[in-house]
Protein chains: 2
Amino acid sequence: MTGSLTIVGLGPGEPRYLTPAAQAALDAASDLIGYGPYLDRIPAQSGQTKHASDNRVEIDRARHALELAAAGKRVAVVSGGDPGVFAMAAAVFEAVEAGEPCWRELAITVEPGITAMLAAAAAAGAPLGGDFCAISLSDNLKPWEVVTARLEAVLHADFVISLYNPISKARPWQLGKALELALSVRAPDTPVLFARAIGRADEALRILTLTQAYEAAGTADMATLVMIGASGTRLIAREGRAPFVYTPRSVTKSPCATSQGRT
Amino acid sequence: MTGSLTIVGLGPGEPRYLTPAAQAALDAASDLIGYGPYLDRIPAQSGQTKHASDNRVEIDRARHALELAAAGKRVAVVSGGDPGVFAMAAAVFEAVEAGEPCWRELAITVEPGITAMLAAAAAAGAPLGGDFCAISLSDNLKPWEVVTARLEAVLHADFVISLYNPISKARPWQLGKALELALSVRAPDTPVLFARAIGRADEALRILTLTQAYEAAGTADMATLVMIGASGTRLIAREGRAPFVYTPRSVTKSPCATSQGRT
């Protein structure tokens, strides 16, 4: 087969965060597939066809991309951030596994991008300075009990925690529950970031305490990356400016000793 | 103060993974500071001074950078991958907090980059398709008991696990112990990646089972990112080519049900 499929990470949004490798993959494509607002970020090129879809039908989008590639097109599936992190890459490989045997022989590649967690961390200082994890708070694809079991595990083990897909109209209460759980383990003044649309023109970084974050949960949205600090995560105060937020590289105590609630 | 300090993520290595924002930060610098091999990747520019150091003295390098910035230089501290992930950013903020009060008033920014975990995942398929974590296996800065407590927590909670700094001459046994621990919880055929120097000319991706990875622990090195799949992580076999590795987005069972050993 002569077609190809590349799943391209656009990064946070502004072109200055798009890698040259990702740009080259976009330039080489005959067909671009993705959620409309992501496609809108990419300047039109002659000879290229854009196939916009809404944000819900990832697996259909993946199959459409594979069909086009199998028909000989050079397809780029575009994804915000990094395509491997709660984005399109896993959906494409699910479709490959469940789909036509010939799809396995396609040239399928992934172009990494700056995921929201890295952009948010860079904007704040160095909150990911220690061990960290990333959890999707969406319970569309996994039971809520799995989400809470994972949250409890990493809260007690003192990871910095990045929450993707924290809240949506259809999932209004999950972020509050997650932060309530965090409050049962971590100190109330633990730094929490609400990092919205970092790397775009309308970016907004809020540095809160865990208590404040719990009270403000309803002000987050799907474009917000929520990051809960570990026990060591600290602020460096600055005159007239937002503090730096960072997590020291060193850990001197056992992770259990940092927990305030249940162990 | 007129000086500035930017901590710049070079990404995996090849220029095609360097973001335009990071490139602009390098171009604007009067002084570049970093571990020699990272500085060597950056073409010399007239009027720029390079300050190479060895890989061990991160905090000294950070202080040196801050002193130069306080003296009015436009300093770029270069870091492989993303500077916020087990790299230079946290060291700089540690130095800021412990150092001269005037350092807090400096313009200090972080330019994110593609971290090794994202480059490795992209090369393999979509192994980070579910919840995941990143742990530095180095016990230079934290007790080994903290490392193992964290590993046990995320093994039982069924995260995909990326291990940074897996092995070095001074730390020869830690990776084997970590994989032994993984074998006590996860199935022996769990996919494990040994992803060495991905995004550089000499890149090498090995796709192993957990048992094979345990036996091959001694063949990893400091340039290797080790990724341990979750219970759902799968291979898609391909004729005459390496399989794709991916983690489905959906989880249907409780994380505890996936564990084979201690709970």
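Convention: sequence-line order gives letters A, B, ...; per-chain numbering from 1. Note: hydrogens, waters and symmetry copies are ignored here, and every other heavy atom, side chains too, is used.
Contact count versus chain A (heavy atoms, under 4.5 Å) is highest, among B:P83, B:G11, B:P112, B:P12, for B:P112. Between chain B and the options A:S162, A:A123, A:G84, A:S138, heavy-atom pairs under 4.5 Å are most frequent for A:G84. Top candidate by heavy-atom pairs under 4.5 Å with chain A, chosen from B:A90, B:A134, B:A153, B:A126, is B:A134. Most heavy-atom pairs under 4.5 Å with chain B: of the set A:D131, A:V110, A:N140, A:T247, this distinction falls to A:D131. Considering only heavy-atom pairs separated by less than 4.5 Å from chain A, the leading option among B:A237, B:A22, B:P243 is B:A237. Interface summary for chain A: among B:E94, B:E111, B:Q23, B:E239, the most heavy-atom pairs under 4.5 angstrom belong to B:E94. When the candidates A:G125, A:G240, A:A87, A:A89 are compared by the number of heavy-atom contacts under 4.5 Å with chain B, A:G125 comes out ahead.
The contact between A:A91 and chain B is made by backbone and side chain atoms together, counting heavy-atom distances below 4.5 Å. Looking at B:M88, neither its backbone nor its side chain comes within 4.5 Å of chain A, counting heavy atoms on both sides. For B:A124, no part sits under 4.5 Å from any heavy atom of chain A, backbone or side chain. Of the atoms belonging to B:S136, heavy atoms from both backbone and side chain fall under 4.5 Å from chain A. Heavy atoms of A:L235 lying under 4.5 Å from chain B belong exclusively to its backbone. Heavy atoms closer than 4.5 Å to chain A are found nowhere in B:A121, neither backbone nor side chain. For a residue to count as touching a neighbouring chain, one of its non-hydrogen atoms must lie under 4.5 Å from one of that chain's; by this rule B:P15 touches chain A with the backbone only.
Distance CD1/A:I236 to CD1/B:I108: 7.5 Å, rounded to 0.5 Å. With rounding to the nearest 0.5 Å, the separation of CH2 in B:W103 from CZ in A:R238 is 15.0 Å. Once rounded to the nearest 0.5 Å, the distance linking CG of B:L141 with OG1 of A:T252 reads 11.0 Å. Taking CZ of A:F244 as the start and OG1 of B:T109 as the end, the distance is 8.5 Å to the nearest 0.5 Å. Interatomic distance, OG1 of A:T19 versus CG of B:L18, reported as 9.5 Å (0.5 Å rounding). Between A:F132 atom CZ and B:R150 atom CZ the span is 12.0 Å, to the nearest 0.5 Å.
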- Message: Assess the residue pair B:L128 and A:D82 against the criterion (side-chain contact (heavy atoms from CB on, under 4.5 Å)); give the C-alpha distance rounded to whole Å, side-chain angles, the decisive distance to 0.1 Å, and a yes or no.
- Response: CA-CA 10 Å; B:L128 299 176; A:D82 180 88; 5.8 Å; no

- In sequence, state the C-alpha distance, the side-chain angles, and the governing distance for B:F159 and A:V154, and then conclude on side-chain contact (heavy atoms from CB on, under 4.5 Å). CA-CA 10 Å; B:F159 284 77; A:V154 292; 3.6 Å; yes

- Message: Applying side-chain contact (heavy atoms from CB on, under 4.5 Å) to B:V245 and A:F93, what does each step give before you reach the verdict?
- Response: CA-CA 8 Å; B:V245 185; A:F93 290 105; over 6 Å; no

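Residues A:M117 and B:V85 fail the side-chain proximity criterion, which asks for heavy atoms closer than 4.5 Å.
Between B:E105 and A:R241, the shortest heavy-atom contact is O-NH2, 2.5 Å. Scanning all heavy atoms of the two residues, the minimum distance from A:G113 to B:L118 falls at O-CD1, 3.4 Å. When all heavy atoms of B:A21 and A:Y17 are compared, the closest pair comes out as CB-CE2, 3.9 Å.
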